[in-house]
Structure formats: structure tokens, C-alpha cells
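Accompanying notes for the structure given below.
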Amino acid sequence: MRRDHRPPHPLLRTASVRALEHAALAVTGPGALMDRAAAAVADAAERLARSLPAGTPVRAFCGPGNNGGDALLAAMMLRERGFDARAFELAEACAGSNSPADAARVREQARRSGMTPARIESLAGLRELLDPAPPAPAPLVLDGLFGIGLARPLSGLAEAFCRLVDELRPPLVAVDVPSGIDADTGAIVGGPGAAAVRATLTVTMIADKPGLRTGAALDHVGELRIEPLGVTGARSDGILFTRADAATLLPGRPRDSSKGSFGSVLVIGGAAGMAGAALLAGRAAQCSGAGKIWIASPDGPVFDPGQPQLMTRSVNAPFERRATIVAGCGLGADSRAEALLARILDSGLPMVLDADALNLLALCSPAGHGTLPVLTPHPLEAARLSGSEVGEIQADRIGAACTIAETRRAVVVLKGAGTVVAHPDGYWAIVDSGGPALATAGTGDVLAGLIGGLRAQGLSAWEAALLGCWAHGHAADRWAAHCGHAAGLSAAELPELARGALASLHFARNE
Ligand SMILES: NC(=O)C1=CN([C@@H]2O[C@H](COP(=O)(O)OP(=O)(O)OC[C@H]3O[C@@H](n4cnc5c(N)ncnc54)[C@H](OP(=O)(O)O)[C@@H]3O)[C@@H](O)[C@H]2O)[C@@H](O)CC1
Ligand SMILES: [K+]
């Protein structure tokens, strides 16, 4: 049963945000959006300051563009509210730049009120500000160096600023986007070795952005607040797939049903030494609610004594006519596996391809399939599928997932921080669950099994991929929250935790 629910959570790329900004400015007039953005930053900083020692000073770092304008105006507002607020600019980051109109207006306003940003010329000056000698209190920092206008890697004092923030970890409010992060991709501009600010809190303007929800950004954004600034009409480029979305996809469970009503899953994998991979996928399919599960291993039957309901089957037997295939978990890479994959691809059955199946698929040229398959690559597998490098995948996770989805005509689940799900027709979502607890062997097998089990229950490839990813991520998040620690989750625990995550959606439907 499906229910209508609130509209999806939109994610807007920079071009869309700028289009909205221009349309809004035509109505509000110059400066209005910056006033609202600065007030939102000042409010957020004031709230954060309540958890800090009384008298904590505010130090705003202002870049040459409107991001700097937001921060400078916020600092002026905070000073009016009684804070010891001062503004600074970094010599090299401002060299030769002409401020855009809004920022120039705020700079003029600051000059008249005696708050012209002081220029920092050296690393020593920067350190003195961020790490003042006691008894001078440590500051609350506003990062207004760069926002959606960041055009190249941070360098010089801007880079040094990020390194010092990493070292000192001051309470820090990032304006719009943590400086150094690409608002479209979530990558650090310049790659993993380049610098980006690590925020306690990011206040982002007009709309949520994909680059705040995936990849390296997840270690930089901190808590995220979205401030629409009164701007409406956002047309999303993609969506954040949330618990509320997941609740609309939960397969129904009519009273008048039997095991035949909830589909069959055939897990193909678990070759010698890797039997556990297939068993994890099978257990997960079971916990997703699928009616019947078979495991077919190229090296003979693998039996799960703790889960005797999982049936075994010969890989040489004809595939069950209405089964959903989950293939690749511990399948191996030999000629037998290759032949098996060819049979699977020819079957036209709904399928989820993971791990070894993806590595073998990478060797085949893209071909059409009977029904849309789901591919679940991690970044290395995605690189193999697209003939590129992991660095290129991680530099634009959404772009990479969309490209593979299009060329392979499949729903692609690009795993990793901020899992991206892409459809061959060009739409995409980032899943709003999951975390580092999942960074351990076998969790991918569980994900493949969950998606396969949901697919077998009648969800489309797109729906099953989204719901499977959400349940998988939420299960791990809940476990980590319960333990207070994100390390030590074993893949074998995950299927039952995911079952709990799916069950919790019954309540979300009524919220
Ligand atoms: N749109 C909205 O929703 C609203 C936007 N608002 C705010 O405006 C922000 C966008 O402002 P923006 O367009 O002026 O860009 P911004 O990020 O300030 O940087 C551009 C400047 O930085 C420079 N520069 C770039 N990279 C550099 C580097 N590595 N190292 C050194 N310099 C570098 C670049 O120089 P150039 O590349 O031109 O040489 C240019 O001078 C947005 O994030 C939000 O905070 C709100 O006020 C209201 C609503
Ligand atoms: K910023």
C-alpha cells in the first residue's frame, strides 16, 4: 500500500541555486537575500555560542565574494547583539578580486561602522587568531571564505586556515558550504589531499545541495541547516531519499497470502572460501520479507545451519521461472563464474549484481537486459565498470553513478559515504542513512540480498534499490547510536537489524 506524503527533499546543483537566486533577486531587490542569509548565520552562531563559555569571541573569515559578504554581515549583526565580533580577510585569497555588488555593499556598510575586515598576512597572524594565548578565550569561527563560487583548490593562507581548523577544531559555522567543498559533488576541490574546512554546523542557503550529502563532504559539513531565505519554486536536480520516502515503499503484507505471494530469491555465489558471502545475502533476502530463498554455489551446496529455511540448489539447474537473482557475492572470477554470469544475463530475470559479478560484467561490453538490473558497485567496482579510476569516481559520485546507469542500462547503487542511486533515465537520489559502521566485510552482500528480497516482493528495480539502501544504512546507524560507537558491527548482525529498520517504517507511515 502506498500513501501520498510530503514532497521529496530536493537537492539543487549550483546552477539551479543561482537561477533561483536571480529570479528571487528580481523580486526582492538587491541585498535582501544577503540580509536574510546573514541573519540565519548570526542566529545559528548565537545558538552555538550558548554551549560555549560566556564571552567567547566571534571571528569571521571573509572571502572576496558574496560568501564573504554573508559572513561579514553576520559578524556585524552579532556585534550589534553584544558579541565581541570581528572580521578578517586572508591576503592571498582576496588578492585582485573585485567584490560582487551585494558583497561590495556590505563592505561599504562595514567600513562606515568601523568593521572593515582586518587583513591577515601571515600564518603566524592566523594562528594567533585561531589559537590565542591564554587567558584570551578561544573563538567561535565563521567560515565565509568561499561558497558556491569556489573555482579552484584552496591555497596559501586559505589552505593554512583549513589545516589549523583541523588541528584546533574550533566551534565553526560554515556559511552555505564548508570552504574547499564542491557544492555539486561533495568532493574536496583539488582531490583528497587538498584542503577544506571542517564545520561544526553548516548553514546552507536557498536549498539543500548534493555536495553536502555525499563523499568527502560528510566529514566536513557537521550539522546541516537549510535556510530557504523565503525563496520558493525549487525544481530539484535530485532528491535526498529519507525515512518518509522509505515508508511509502514498504511492500504490503496482506492477510490472505502465502510464501508464494512474496517472491523467490536465488542467490548465486558463495564459491569455496566465500560461502559466507552468499549466506549473508540469503539471510538478508529472508529478513527483507521475501517468501523463498535458494542458495546456489558453483562449488556445491552451501548450508546455513543457523538458517535452515535457506534452500540449496545446483547452479546447473534451470533458474526458477519467477525468481529474482542476486549474483556475485563470493562468485569467484574463473571461467565457470563467467559462464554463469552469461546465463544470468541471458535469463531476462530481475537481478541484483554485486561484487564478482560486477568485475566480470566490467569485462563485457554494455548490453540490453530483459528487465532493469540493479548494480551495487563500491567505488573500485564502479571504476572498473566505467574504465576509470577510483579518484575519478569519488570526484563526482553522482555523475559517475549516472554515467554507469546510462551506459549499462541499469539502476546503479554507488556505495560509500552518501550512497548514490542512479536511474538510466537520468534521475538520481542520495540515501539519507548509513555511516562508517558499514565499512566492514560482508555488509555489501547483505545490501545485495536486501535489494533482491525487496525486488522479489514486487518493488521496481529503482524502488528496491532505494528502500534496500535506506534500511541497510538505517540499521547500521541505529546500531551505532545504540552502542555510541561506529566500530565493530559484524555483517552477520545486519540482516536482523535491517529487518528492524523496515519494521520501524510501519510507524513512520502513521507519523
Ligand atoms: N546564490 C544564493 O543562493 C545566495 C548566495 N549567497 C552567498 O553567495 C555565495 C556565492 O557567492 P559568489 O558567487 O560571489 O561566490 P563565492 O563563493 O563567494 O566565491 C567567489 C569568489 O572567490 C574567488 N575564488 C574562488 N575560488 C577561489 C580560490 N580557491 N582561491 C581564491 N579565490 C577563489 C572567486 O574569484 P575568481 O574565481 O573570480 O577569480 C570569487 O572572487 C553563496 O555561497 C552564498 O554564501 C547569499 O548571499 C544569498 C543567496
Ligand atoms: K564557506
Side-chain angles (χ1 to χ4, degrees), residues 12-42 44-45 60-74 77 89-107 141-162 165 172-184 188-190 194-209 211-212 217 220-222 224-234:
L12 270 70
R13 290 201 175 99
T14 297
S16 304
V17 173
R18 288 209 189 275
L20 274 179
E21 180 196 25
H22 285 131
L25 280 173
V27 178
T28 60
L33 292 186
M34 189 167 282
D35 287 352
R36 293 174 199 169
V41 171
F61 290 84
C62 309
N66 283 336
N67 197 253
D70 287 351
L72 178 55
L73 190 53
M77 289 173 176
E89 61 184 24
L90 304 178
E92 299 141 21
C94 295
S97 302
N98 288 322
S99 293
D102 278 353
R105 202 172 297 113
V106 169
R107 279 178 176 263
V141 176
L142 302 188
D143 158 37
L145 289 180
F146 308 105
I148 59 175
L150 182 71
R152 49 194 173 275
L154 301 188
S155 59
L157 285 178
E159 183 181 354
F161 172 76
C162 299
V165 165
L172 187 147
V173 178
V175 179
D176 203 17
V177 183
S179 298
I181 294 293
D182 183 317
D184 285 346
I188 299 177
V189 175
V197 162
R198 229 174 266 272
T200 314
L201 171 67
T202 296
V203 182
T204 202
M205 310 306 169
I206 298 193
D208 200 353
K209 302 168 178 70
L212 302 174
H220 291 263
V221 168
L224 178 61
R225 280 205 199 132
I226 302 151
E227 295 288 346
L229 309 182
V231 177
T232 54

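In listed order, ligands and their atoms are each counted from 1.
- Here the closest heavy-atom approach between residue P64 and residue A103 is recorded as O-CB, 4.5 Å.
- Side-chain contact between R36 and I206 is absent, with no heavy atoms from C-beta onward closer than 4.5 Å.
- Remark: the backbone N or O of V175 is paired with a side-chain donor or acceptor of N67 at under 3.5 angstrom.
- Under 4.0 Å from ligand 1, the heavy atoms of D176 that appear belong solely to its side chain.
- Polar contact with ligand 1: absent for P64 (N/O pair, distance under 3.5 Å).
- Here F146 meets the criterion, with an N, O or S atom under 3.4 Å of the K ion (ligand 2).
- Under the 4.0 angstrom criterion for non-hydrogen atoms, A158 is not in contact with ligand 1.
- The two residues G69 and M34 come nearest to each other via the heavy atoms C-SD, 3.7 Å.
- When all heavy atoms of T14 and A183 are compared, the pair lying nearest together is OG1-CB, 3.9 Å.
- Within ligand 1, the atoms closer than 4.0 Å to a non-hydrogen atom of P100 are 14 (O), numbered from 1 in the order shown.
- Taking each of S155, A37, G147 in turn, the one with a heavy atom nearest to atom 17 (O) of ligand 1 proves to be G147.
- Among the atoms of A71, no N, O or S atom falls under 3.4 Å of the K ion (ligand 2).
- Annotation for ligand 1: atoms under 4.0 Å from non-hydrogen atoms of V17 are 1 (N), 3 (O).
- Applying the 4.0 Å criterion to heavy atoms of R18 picks out, from ligand 1, the atoms 13 (O).
- The closest non-hydrogen atom to atom 11 (O) of ligand 1, taken over L25, L33, N66, comes from N66.
- The shortest separation from a heavy atom of L150 to ligand 1 is under 4.0 Å, placing the residue in contact.
- The CZ atom of R225 sits 5.0 Å away from atom CG of L201, with the distance rounded to the nearest 0.5 Å.
- Put simply, G63 stays out of reach of the K ion (ligand 2), with no N, O or S atom under 3.4 Å from it.
- Within the 4.0 Å heavy-atom criterion, the part of D70 lying near ligand 1 is the side chain and not the backbone.
- If you look at P153 next to ligand 1, the close heavy atoms, those under 4.0 Å, all belong to the backbone.
- Nearest heavy atom pair, residue V173 against residue A45, reads CG2-CA, 4.1 Å.
- Ligand 1 lies out of reach of A183, whose nearest heavy atom is not under 4.0 Å from it.
- For residue D176, no N/O/S atom approaches the K ion (ligand 2) to within less than 3.4 Å.
- Here R152 has heavy atoms under 4.0 Å from ligand 1 in both its backbone and its side chain.
- Annotation: F146 places no N or O atom under 3.5 Å from an N or O atom of ligand 1; distance criterion only.
- For D143 atom O and V175 atom O, the angle they make at the K ion (ligand 2) is roughly 90°, to 10 degrees.
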